[in-house]
Amino acid sequence: MKFWFDAAAGKLDPFVLVLEGSVPNEKIKKEGYWAAMGTDPDTGQPITTNEWIDRLAPKALAIIAVGTCATYGGIHAMEGNPTGAMGLADYLGWNWRSKAGLPIVNVPGCPVQPDNMMETVLYLLYQVAGLAPIIPLDDQLRPTWLFGKTVHEGCDRAGYYEQGDFAHEYGSPKCLVKIGCWGPVVNCNVTKRGWMEGIGGCPNVGGICIGCTMPGFPDKFMPFMDAPPGAAVSSAASGIYGGVIRFLRSITNATVNKEPKWRHSRATLTTGYEPRHYGQS
Ligand code: SF4
Ligand code: SF4
């Protein structure tokens, strides 16, 4: 806790505050508390998460919310929750700025993809050192280069989708949209980046995308195993179009799998070569 107390006392400067986990609402709690870290030496009482944020946010050079709970509330902030949990921007305000003029930076994910987090920290360090322009963020405060594309756009199975070839059970290598994949409408780069050393990325390795990086997660993606709204229409259209395309491609594929007919060992040349006869009119 030493660094936390030092930072709050102004003895640690500059520092970047990294928040993990959602922010419960202590204002709705008449007695006790929802979440706390450390003890206030003056009162002997626990220091709540709300209080730590109140103490540290004004002094931080930048704040990074890491993971879907810290960014948007996540599972703790589901409908019906008792704690009033929320994301950091809900707590501090979406237009909040650090003393260096920086907005909150959100790196969602459940869990956060580790390289996404480290790359964001590194970017901010470059920015503070004057070696990079202001970090580009979208309207949900996500780094645009990490969250600008959908799961579907990077998915290894997108070729199956385009051909209207769908999995109907787990274990199939085909597109998972009919068994619940939300990839076409979810901003996440793990299908491109993988999880560890470039390996993994939910649909790439057989797991449906449940939208864990999204501000509407989990409520707007439940029940998880049902096909997303729109999937029936888009996959039906893709099924019709894809069926024709698949048929035509199978003919082309059979053709390009055969060698050209002029490759043989017979005593005649049938390549179409025509020798030039110089000096003849
Ligand atoms: S598995 Fe999901 S992300 Fe991949 S192609 Fe199908 S719908 Fe798109
Ligand atoms: S692919 Fe979907 S479920 Fe997997 S990490 Fe990305 S958003 Fe979450």
Side-chain angles (χ1 to χ4, degrees), residues 20 22 65-78 87 106-120 138 140-243 245-246 249:
E20 193 181 19
S22 61
V66 169
T68 299
C69 294
T71 51
Y72 307 123
I75 290 174
H76 311 102
M78 282 178 75
N106 282 339
V107 192
C110 187
V112 67
Q113 204 282 352
D115 294 332
N116 284 353
M117 176 186 164
M118 294 316 295
E119 205 168 283
T120 304
D138 65 17
Q140 297 301 315
L141 304 177
R142 298 170 288 206
T144 51
W145 79 92
L146 297 175
F147 293 92
K149 297 279 187 288
T150 63
V151 173
H152 188 66
E153 285 165 336
C155 181
D156 284 356
R157 297 172 187 240
Y160 285 106
Y161 184 98
E162 190 249 357
Q163 293 182 167
D165 213 355
F166 304 111
H168 296 283
E169 59 185 13
Y170 288 102
S172 162
K174 298 178 180 177
C175 169
L176 306 169
V177 74
K178 281 190 185 289
I179 51 175
C181 183
W182 282 79
V185 292
V186 168
N187 299 86
C188 170
N189 65 351
V190 307
T191 39
K192 276 284 186 207
R193 171 158 267 184
W195 274 104
M196 285 178 287
E197 305 284 357
I199 297 170
C202 311
N204 287 353
V205 288
I208 57 171
C209 170
I210 56 173
C212 79
T213 57
M214 300 298 277
F217 178 81
D219 303 69
K220 292 186 180 173
F221 298 89
M222 292 169 68
F224 288 137
M225 316 304 264
D226 286 2
V233 177
S234 68
S235 61
S238 166
I240 297 165
Y241 154 87
I245 294 293
R246 246 192 354 265
R249 280 184 186 156

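Note that ligands are numbered from 1 as they come in the structure, with each ligand's atoms numbered from 1 the same way. Side-chain atoms are counted along with the backbone in the values below, which use heavy atoms only and exclude waters and symmetry mates. Along the sequence shown, residues carry numbers from 1.
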Got more than 12 heavy atoms from elsewhere within 6.0 Å of CD, E20? no

Among all protein heavy atoms, pick out the one at the shortest distance from atom 4 (Fe) of ligand 1; state its residue, atom name and that distance to 0.1 Å. C155 SG, 2.4 Å

Here the atoms of ligand 2 under 4.0 Å from any heavy atom belonging to C202 are 1 (S), 3 (S), 4 (Fe), 5 (S)

Run the contact test for F147 against ligand 2 with a 4.0 Å cut-off on heavy atoms, strictly below, and give the result. no

Suppose we only count N/O/S atoms under 2.8 Å; would C209 qualify as near atom 6 (Fe) of ligand 2? no

Under 4.0 Å from one or more heavy atoms of V186, ligand 2 contributes atoms 7 (S)

Which heavy atom of the protein is the closest neighbour of atom 1 (S) of ligand 1, given with residue, atom name and distance? L176 N, 3.2 Å

Can you pull out the closest protein heavy atom to atom 3 (S) of ligand 2? Residue, atom name and distance to 0.1 Å, please. I210 N, 3.4 Å

Per-atom contacts of ligand 1 with H152, taking only distances under 4.0 Å to non-hydrogen atoms: 3 (S), 5 (S), 7 (S), 8 (Fe)

Does M118 CE have over 12 foreign heavy atoms under 6.0 Å away? no

May I ask you to identify, for P184, whether its side chain, its backbone, both or neither come under 4.0 Å of ligand 1 on a heavy-atom basis? side chain

Please work out, at 4.0 Å between heavy atoms, whether the side chain, the backbone, both, or neither of W195 comes within that distance of ligand 2. side chain

Among all protein heavy atoms in this structure, tell me which lies nearest to atom 6 (Fe) of ligand 1, with the distance rounded to 0.1 Å. C175 SG, 2.4 Å

